[in-house]
Structures are given as C-alpha cells and as structure tokens.
Amino acid sequence: MSDLKRTLGEAVEAAFAAEGVPAELARVTASDRPDLADFQSNGALAAAKRLGRNPREIATAVAGRLKDDARLSSVEIAGPGFLNLKVADTALAARADQIAADPRAGAEAAAAPRRVLVDYGGPNVAKPMHVGHLRASIIGESVKRLYRFRGDEVVGDAHFGDWGYQMGLLIGAVCDENPDIAALVGTLNDKDAPIPAAFERVTLADLDRLYPMASARGKEDPTYRDRARKLTADLQAHHPGCYVLWRQFRAVTQVALARDFHALGVDFDWWKGESDVDHLIPEMIADLDAKGLLVDDQGARIVRVAREGDKRELPPLLVVSSEGSAMYGTTDLATILDRKRAFDPHLVIYCVDQRQADHFEIVFRAAYLAGYAAEGQLEHIGFGTMNGTDGKPFKTREGGVLKLADLIETTRAKARERLREAGLGEDLPPEEFEDIAGKVAVAALKFADLSNFRGTSYVFDLDRFTSFEGKTGPYLLYQAVRVKSLLRRALAEGAEPGPVAVTEAAERDLVLTLDAFDGALAEAYDKKAPNALAEHAYRLSQAFSKFYAACPIMSAEPELRASRLTLAGAALRQLELALDLLGVATPERM
RNA sequence: GCGCCCGUAGCUCAACCGGAUAGAGCAUCCGCCUUCUAAGCGGACGGUUGCAGGUUCGAGUCCUGCCGGGCGCGCCA
C-alpha cells in the first residue's frame with residue numbers, strides 16, 4: 001500500500017533500467033509545477049550528465065515506456081528533460097479509497113524496527129521551568145511519537161538534573177529557614193526511611209523561592225558556598241539526613257514537572273536523573289582506567305578525544321575534577337553505560353540546545369572509545385534558542401524569565417478570549433470549554449515551534465502565536481473540528497461514505513496531499529525534523545479547507561455525497577494522526 | 001584568536017541526494033456568509049536569496065573570500 005510517489009517511482013525506475021540508464025537516478029518527486037503535472041522525475045538530466053548522453057533523448061525513451069501505464073493520464077517531457085507525470089483520476093480515486101480504509105492513513109511502518117531512546121535534555125530539580133525548556137520538550141515529544149509510530153521501540157527519558165551543587169544550596173537554605181528540619185537532618189540514620197512529615201511540608205514553591213536567593217548568595221559569600229559544596233558532597237555520599245530531604249525535593253519537583261509537562265501533552269516514560277547513575281561512576285572510572293583512556297592532567301583525570309582531521313583541538317572529557325568529584329560529562333558518560341545495560345538502544349537521540357553541541361561531541365567520542373556505544377549510535381539533535389522580538393534571548397516585559405506554567409496560562413487565557421470573540425463553544429459546558437481552550441493553547445504553542453526547522457533560532461512572539469489566524473495550530477484544530485461536525489451531521493442524517501470519485505480540482509488536490517503523508521513522515525523521521533510533518537499537516541488542512549469551500553457535501557447527490565464523505569473522513573483521520581505525532585490533541589467541537 | 005550555526009518579500013518562516021516561474025503566513029488592498037463552523041475561501045501587492053568570485057547545461061542549495069548576527073571554546077550543569 002505504497003504512496004503514488006513510490007509506486008510511480010518504481011515504474012520510472014523500471015523504465016530507466018530498460019533503457020540502460022541507472023535506475024537509482026529515477027527519483028520521482030511531487031511536481032514543482034502543479035500547473036503542468038502531479039509528479040516529476042529529473043533523473044534524465046542527472047543520467048545525461050553521467051552517461052554523456054542527451055537528456056531529452058533519454059526522457060523521450062523513458063516516456064515511451066510509461067505511456068501505457070493505466071495510472072497515468074499523461075506523460076510529457078518539458079524543458080531540458082523533465083519528465084512530467086499526471087495521474088489519472090481513477091488512480092487517484094483508488095488511492096483515496098486505500099488511504100480511507102487504512103488505520104495508518106496511508107503511512108508505512110519502518111522496515112527494521114530499532115530500539116530508540118529520546119533524551120529530553122533534562123530540566124533541573126528546583127530550578128523553575130521557563131520558556132527555554134519549551135523547545136526540548138516539544139521537539140523531543142514529537143520525535144518520540146514519530147519514531148514510535150514508524151514502528152520503533154521508543155523510550156523517552158526526562159533525564160533531569162538532580163545531583164549537583166544546586167541540591168547542596170537548597171539543603172542549606174531549607175535548613176536555615178526550618179530549625180526542625182535542620183535538627184532532623186542531623187539525626188536521621190536511614191537514607192531509605194519514610195520521608196518525615198516535617199520534610200513533606202517543603203513544597204515546590206519553597207524551592208522556587210529559595211533557590212534564586214541561595215544561588216545568588218553562593219556567588220557572593222565564600223563561606224556559604226563552601227557549606228553548600230560540603231552539603232552536596234554529603235548528599236553524594238548518601239548522608240541519611242541530606243539524602244532523605246533530597247528525596248522530598250525530588251518528589252515534589254517531579255510531581256510539578258509531570259503536571260506542567262502533561263498540560264503541554266508531553267509525558268516521559270522514564271524519570272531518570274543524574275542521581276540514578278551515580279553508583280556506576282566508580283566502576284566506570286576503573287574501567288576507563290583499565291582501558292588506558294584516563295590521563296592525569298593538571299590535577300584532573302581526563303579522556304582525550306581529539307581525532308586526526310579535526311579542524312581544531314576539541315577539549316578533553318573531564319572525568320574527575322582536581323577536587324576529586326564527578327563532572328557533567330562524567331554523569332553523561334555513565335548514563336550512556338547505564339542505558340546500554342538497561343535498554344541497549346540502537347540509537348539515542350539527545351534533544352538539547354545547539355549550544356551544547358561540543359559537549360556532546362566530546363562525550364560521544366569518549367563513549368565510542370570506551371565501547372559504551374557504537375560509532376553513530378549517539379546523536380545530538382540541536383535546536384536554536386528562542387529569542388524575543390528584539391532578537392535577544394526571550395525575556396518577559398519586566399525583564400525576567402517567563403515560567404512555563406505562566407506561559408501556558410497566558411496562552412490559555414488568550415484562547416478563551418478568542419473563542420468567545422468568535423462565538424465558538426459558547427453553548428458548551430464550562431469544563432468542555434476549558435478543555436478546548438487548553439487544546440487551542442497547546443496547539444498554538446507547539447505548532448508555532450514545530451513549524452520552524454529545529455536547528456535555527458526563532459523569534460518567540462506571544463502576540464503572533466496567539467493570533468490564531470493563518471498558519472497556526474488553532475487553524476489546524478478548526479479544520480479538524482469542521483470535519484467532525486460534518487461527519488456528525490452525516491451520521492445523524494444516515495448518510496454513508498462510499499467509493500471515491502475524483503472530478504473537481506479541489507478533490508484532486510486533496511487526494512494528492514493525502515498521498516504525500518508518508519513522504520512527509522519519512523522526511524521528518526530521517527532528519528529528526530518535525531517541521532516536515534507540521535508543514536504537511538498545514539497543507540492538508542488547507543487542501544481540506546479549499547475542498548470544503550468548493551465542494552458541497554451534504555447537499556450533493558447520494559453517490560457524490562458518499563465519495564466526499566469518504567474524502568472528508570480520510571482527511572480527518574490523517575490530520576488527527578499528524579497532529580498527534582506533533583503532540584497536539586484535537587477537541588471534538590469548538 | 002580558533003571553531004560551529006545563521007543571513008531568503010516590510011515582519012515571521014519554508015524550499016524534497018543542485019533543476020522549470022524561490023513558496024507560505026502576517027501586514028496592506030479588493031471580493032465572498034438566506035446552503036455543511038468566515039479562527040474560513042478567492043484575488044492583488046510584495047524578491048538582485050547579505051556582497052564578490054568560482055564549479056555546473058543549471059546554484060538559495062556545493063567551493064573560496066569578505067560583510068553582518070548568534071553561540072561555544074577543561075575543573076557550573
């Protein structure tokens with residue numbers, strides 16, 4: 001059940017081969033000139049270059065072999081040797097019937113499923129989530145869903161930072177404020193003991209409030225900093241009081257993070273953190289040492305990762321600091337080892353800010369050297385930063401960082417306002433209205449992000465994102481909801497879908513767009529670039545909207561109505577599927 | 001200083017191993033609701049793809065240099 005692009009591609013390949021031209025050049029793509037054709041192949045041009053032959057001659061010969069293909073209504077040669085293919089309406093109708101009957105809406109599954117782990121790059125315990133965390137979660141979630149849908153076994157790991165200096169700072173700050181907690185920290189003797197009631201009173205709001213203060217004071221006050229470092233070391237040595245208090249920090253943070261992320265339609269399979277691999281570090285260091293990879297340098301222990309042909313000298317991986325402690329990269333390397341044992345992934349995708357590209361290159365090289373992963377199994381997909389409309393990293397109007405939860409609420413409020421303005425959902429129960437506003441808000445935020453290529457930075461413009469007109473998430477939801485409304489009415493009137501017939505231009509375009517789904521998915525999958533899928537979802541919505549405007553459905557004659565209901569149903573299924581892969585949920589009505 | 005990324009319409013962004021006339025949305029202007037949701041549809045306007053060379057039948061895409069912007073460069077994570 002392949003798409004037209006592929007099946008026609010196979011036909012053109014066969015024709016190329018029969019003409020003694022390398023078949024791999026016969027790539028068929030959607031036409032650049034929809035006025036002339038549905039699909040094109042530029043292969044004759046490439047072949048002519050390689051074989052030293054005339055491109056038009058090759059194209060003419062190939063076209064002669066395709067003339068009798070019943071799926072094609074015309075085969076023409078244009079320009080220097082473009083092969084222009086137009087698909088017969090009957091073939092389009094047949095393909096539409098296929099897509100309509102397919103639960104996967106015309107999408108193929110991966111031929112060889114792999115085990116894939118998606119690392120979301122880790123929010124930190126106690127550091128509030130801000131808009132900078134938005135991209136990692138939005139892109140990571142989409143990549144996870146995309147890989148899972150294509151058939152891979154996928155695990156998404158939050159991988160949050162829960163084991164560093166910020167924990168020592170917080171332990172100190174909480175103890176300073178609560179003498180009873182400080183006393184308990186001194187007396188507890190079992191790190192696995194139930195969390196005492198006094199500790200359970202510590203909330204995320206407390207951590208949010210204390211962390212900036214403690215962090216600032218640690219920078220100014222060496223005594224304060226030294227105590228925080230000592231507490232960090234105590235925690236890492238599993239000092240019972242510190243450890244139990246830390247468990248409380250971790251628990252309240254995880255609950256809040258899970259809630260905030262869930263509101264965004266982002267859910268993790270694993271809640272692993274840096275602390276989970278701490279126990280592996282001594283063993284790993286011994287292993288690196290035994291493999292002769294560890295080198296003493298300036299009092300620290302490092303792994304050199306420079307390679308011949310590097311354009312510059314890459315810094316080494318710092319495994320043990322001169323103070324004897326594990327570093328950022330140490331934990332990342334241990335995590336690779338841990339994942340190999342727990343899951344043995346074929347591919348690990350790190351969805352992290354582009355600024356950390358060098359860091360990951362260093363860690364990956366060290367992992368390859370140590371044999372914790374095979375070359376190429378670790379991949380960092382970087383993304384650009386979110387800037388404000390002034391081009392600088394995003395700040396609120398007051399100049400502070402915008403918390404993720406506040407951003408979601410702001411967008412949701414805008415969604416409510418716009419829904420009311422448009423008179424949408426006004427007769428619905430309050431809970432459903434609120435649910436719709438939430439979905440509209442998430443769609444707006446996610447689609448705005450995912451329609452950009454992840455590698456580039458983009459401007460975060462709240463006003464534009466909440467305008468909800470044109471190429472936006474809410475537009476996509478609106479189209480989906482219009483189809484749902486239509487299908488409900490058809491059901492109520494007893495109108496049944498039936499075989500597709502393609503006659504109108506809008507119908508042709510809709511079917512061709514439906515057919516392009518698998519290609520968009522494949523591109524998004526191969527490049528780890530959800531914007532290809534976002535683009536398809538938009539085109540599909542547009543194609544549907546034009547069809548909806550041009551082709552009356554319920555008032556059409558029964559056979560035509562049945563055909564159009566099938567098209568509408570297929571469009572809806574594919575659109576909802578695409579939206580789901582982008583991490584966007586669709587309401588039933590609005 | 002070295003390295004990485006980016007520069008496309010007034011603004012925000014696309015562009016399928018190099019292909020035909022570089023596409024969308026916003027903004028501006030003009031049309032379309034007594035028929036399935038107008039957050040919609042149709043149309044107009046808008047480009048020397050930062051600059052200069054090179055490779056190629058063909059370059060936004062590849063190569064070189066320059067200009068402009070962002071980011072990174074061992075004991076934070």
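Throughout, a chain's letter reflects where its sequence line sits, starting with A, and its residues are numbered from 1. Small disclaimer: the values here were computed from a predicted structure and weren't measured.
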- Query: Reading nucleotides 24-30 of chain B from the 5' end, what letters show protein touch, with B for base, S for backbone sugar-phosphate only, - for no heavy atom under 4.0 Å?
  - Reply: SSS----

- For E274(A), which residues count as a side-chain contact (heavy atoms from CB on, under 4.5 Å) partner, sequence neighbours excluded?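 Result, side-chain contact (heavy atoms from CB on, under 4.5 Å) vs E274(A): D162(A), W163(A), T331(A).
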
- Query: Partners of E469(A) by salt bridge (charged side-chain N to carboxylate O under 4.0 Å, His left out), sequence neighbours excluded?
  - Reply: R418(A)

Please report the distance separating the [atom1] of [N] from the corresponding atom of [M], rounded so that it comes out in whole Å.
N: G10(B); M: C45(B); atom1: C1'; result: 12 Å
N: G3(B); M: A9(B); atom1: C1'; result: 33 Å
N: G50(B); M: G60(B); atom1: P; result: 10 Å

Give each protein N/O atom lying under 3.5 Å from an N/O atom of nucleotides 55-63 of chain B, with the pair distance.
unit_1, atom_1, unit_2, atom_2, d
U56(B), O2', K49(A), NZ, 3.4
G58(B), O6, K49(A), NZ, 2.6

Need one value for [X]: base, sugar-phosphate or nothing, where a base atom within 4.0 Å counts as base even if backbone is also close, heavy atoms only.
X: E313(A); result: nothing
X: N452(A); result: sugar-phosphate
X: D297(A); result: base
X: E421(A); result: nothing
X: I302(A); result: base

- Query: Want to settle it: does G455(A) or R27(A) sit nearer the 5' end of RNA chain B, counting the closest nucleotide to each?
  - Reply: G455(A)

- Item | Proximity of F364(A) and Y350(A) rings by center, below 6.0 Å | yes

N/O to N/O distances under 3.5 Å, protein versus nucleotides 42-51 of chain B:
unit_1, atom_1, unit_2, atom_2, d
G42(B), OP1, K546(A), NZ, 3.2

- Item | Selection from G3(B), A20(B), A38(B) that lies nearest to any side-chain heavy atom of R312(A) |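 Nearest nucleotide to the side chain: G3(B).
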
- Query: Between which residue ranges does RNA chain B form stems of three or more consecutive Watson-Crick or G-U wobble pairs, both distances under 3.5 Å?
  - Reply: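 B:1-7 with B:67-73, B:10-13 with B:23-26, B:28-32 with B:40-44, B:50-54 with B:62-66 - these are the stems of 3 or more pairs that involve RNA chain B.
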
- Message: Please verify the inter-ring angle class for Y328(A) with H359(A); under 30° counts as parallel, over 60° as perpendicular, anything in between as tilted.
- Response: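 Ring orientation, 0 to 90° scale: parallel.
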
